[in-house]
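Before any comments, here is the structure.
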Amino acid sequence: MDSPQSTNFLDVHELIEQSQPRPRVGWFGYAAGVFLLVVLSSALVQARVPAAKGIVDLFSKVAMIGIMVALALITQLMVRRQREEMKQVEALEELVQLRRWQEAAMLARGLLSTPTRTPQARVQTLIFLSSILARYHRFEDAIAIHNHLLESINFDDSTAHSIRLGRAMAMLREDHLVDADRAISELRRTSQGRESAGLALVELYRDVKTGHPTEAIDRFNAALPLFQKQLGHRTGDAFALLAKAYDMRGKEAHAAAAYEKATHLTALSELNRRFPEVVSLAAKYPAAVLPGELQSGAAA
Amino acid sequence: MMSANVAISRFRRGLTLGAILNGLLLGGVFFCTLLGGAFNSASGDLLLLMILGVIWATLGYHSMKNSRLAANSPSLIAAGQFDVAEYQIEKSLKNFSIFRTSKLLSLHHLAVLRHAQRRWADAAELCAALLRQRLGSLTGLARQSRLILADSLLEMGDLNGSYQAISGLYEHRLTLAEALSLLNVQLDYQWRVNAWDQMLAGVKNKVEMAELMNTANGARSQALLALAAQRSGRGDLAAWLRRRVELLVDVNELTAARPVLKELWASSPSASPVAADDASGRGVAFDSD
C-alpha cells in the first residue's frame, strides 16, 4: 500500500472532486406529489364509483399515514447518517490533535473518497487533510487545498485567517518566498488589527528564513505575551526560531538559553520536523533534559 | 441579565408548551385520519390535515431559526463576546420552539456562558436543572454539563458535589476535549483532598494531555502536577514542570487564582514568582543587538 508521503495515496485533486456533496434529493417534493396524487385519484374514484367510497376513504387515509411515516423515517435516516459522518470528522480532529498521522490520513481519505453528506463535513475534513499533508511535507498539496477552500467558500474571518496562516506557512516551507510575502501581506490586511500569534509566528519564520535575525529577535520580544497566550506549548516553536536568530547573530549564550526553553516546551523531534532550519542547533546547544518519569517518547 | 431561576422556569414552561402543542397536532392528525374525522367529507378531513401540516411546518421553521440562533452562541462565548451571546441565548429561551432539543441546547449554552463569566452558582444550578431532564440522544450534553457542574461546584468549595459529578463521568466514553476538561477538574479536585499519589499516577499521559489544553488550563494542570511532585518528594519532576509553567504564563496571575501554588515558588527564593516572570521573558526583553 502507498504511504501517506506518496502522492498516489492522497491524490488531493481527486479527493477534492470526489468529495463534492451530491445535490439533495427533494423528498418533501416527492411526498407532496404523491399526496396530491392520492387526493386526486381518490376524488376521481369516488366520483366515478360512489359505491367504493368506504374503501377509497380507508385507502387514502392509509396512504396519507404511509407518506407521513415514510417522510419521518427518511428524515431520521438522513439525520443519523449525517451524525455518523460528523462523528468521523470529530474523530479525525482528535487524531490530528493527538498526532496520530497515519490513522488520520487513512480516515481523511475514507471520508473524502466519496461525496460527503454535508458541505461542512467536507470543508472540515479538507482543513484537517491540509494539516496531515503538511506533516508529511507535502506542502504543494496542502497549498492546493488552502487555495481551493479560500477560492470556493466564503468563510468567517477567523476560519479564513487560520487557513491563510496554514497556506503562508506551507509557502515558506516550500521556499515560495515571494508568494509567502504576498500571503503575509494579505493576512495583515485581513486581520484588521486583530492580534494574531499565528501571524507573528509566520513572520518570525519568514525573518529567520530570509536571513533577518535582528528583525526576528525584535519581533519575538514584541510578540512573546501573544505567543504564550494563544499558542500555549507551541510557544516552543517561537523560542526555537529565536534560538536560530541568535545563532545567526553569533550570540551563542542567548541562543543556548532560547534553545533550552524551546526544547523544554516542545519535543526536539517536533521542532526539527516543523523547522528544518533549527536542526543544526541540536549539535551546538544542549536541549532540556526530561525527568525520568516522562522519558521514553514523552512530551511528544 | 437573566437569572438562573428565571431561565429554568422559562425553559420548563417552553418544554411543557411544546409538548402540549405537539400532542395536540398529533391528536389532530389521528382524529382526521383514523377516527372518521371532524367532517363527513373526505375533503373536509384533508383540509384540516393540510391546515395542521401548515401549522406544524410554520412552527417548525421558526423553531429551526431559533435553534440556529442558539447554535451561534458557543463561538461567541469562546471569542469572549458575552453580551451578544447573552442576548442570543435569552432570545432563544424566550421564543417558542416545538423542538425539545432546541430548548435543552439553549439552557446548556446559558450554563456555558455563566461558567465563562465565572458565575459559578448560576452555572451549577443550570447544569443541575439540565441533568434532571431526559436527554435521550443528547448524551454529549449530559457529559459537558457534568464537567461544568463539577468545576463550578469546586469553585464554590462543594467537594462532595463535585466528586459526585466527576464520578458520573466515568460511566461515559469521553471525547478528547471532554477528557482534557475532566483531567483539569480532576487535578483541581485532587489537590484539595491531598490525593498527591493519585495525581501523579500516569503522569506522563497527564503531561501530554496538558500540552493539548489551552494555555491557562495547561499551565494550571502542570502547576498542580508540579505541586503533587513536590509534595511527594520528586524534586526533579516538580522543577521541570514548574519551569514549563513559568515559560507559559504569568506566575503571579496563576498563584492569585490558586494560592496553594505559591508553595511551588516559595520553597526556592531564586524562583519566586517575580523571578519566574523574568525567566519567561515577559518582563525582560531579549537582547537584539
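The figures that follow rest on heavy atoms only: side chains count, while hydrogens, waters and symmetry mates do not. So you know, we letter chains A, B, ... as the sequences are listed, proteins then strands, and number each from 1.
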With distance as the sole criterion, is a donor-acceptor pair present between the side chains of B:H172 and B:T139 under 3.5 Å?
no
Between B:N184 and B:S181, do the side chains contain a donor N or O and an acceptor N or O under 3.5 Å apart?
no
A:Y285-A:D247 side chain donor-acceptor pair, cut-off 3.5 Å:
yes
Interface moiety of B:S75 toward chain A, non-hydrogen atoms closer than 4.5 Å:
neither
If you count heavy-atom pairs under 4.5 Å between each of B:V203, B:L212, B:T175, B:L237 and chain A, which one has the most?
B:L237
I'd like to check A:L40 versus A:L44 (side-chain heavy atoms, cut-off strictly below 4.5 Å). Are they in contact?
no
Top contributor to chain A contacts, counting heavy-atom pairs under 4.5 Å, from B:Q222, B:M213, B:M209:
B:Q222
Heavy atom to heavy atom, less than 4.5 Å: which residues from residues 78-96 of chain A reach chain B?
A:R83, A:E94
Could I get the full list of side chain to side chain contact (heavy atoms under 4.5 Å, CB included) partners for B:S73, not counting sequence neighbours?
B:A85, B:I89, B:H109
Side chain to side chain contact (heavy atoms under 4.5 Å, CB included) partners of B:N72, counting only residues at least two apart:
B:Q88
Which residues pass the side chain to side chain contact (heavy atoms under 4.5 Å, CB included) test with A:L226, sequence neighbours left out?
A:E195, A:A197, A:Q230
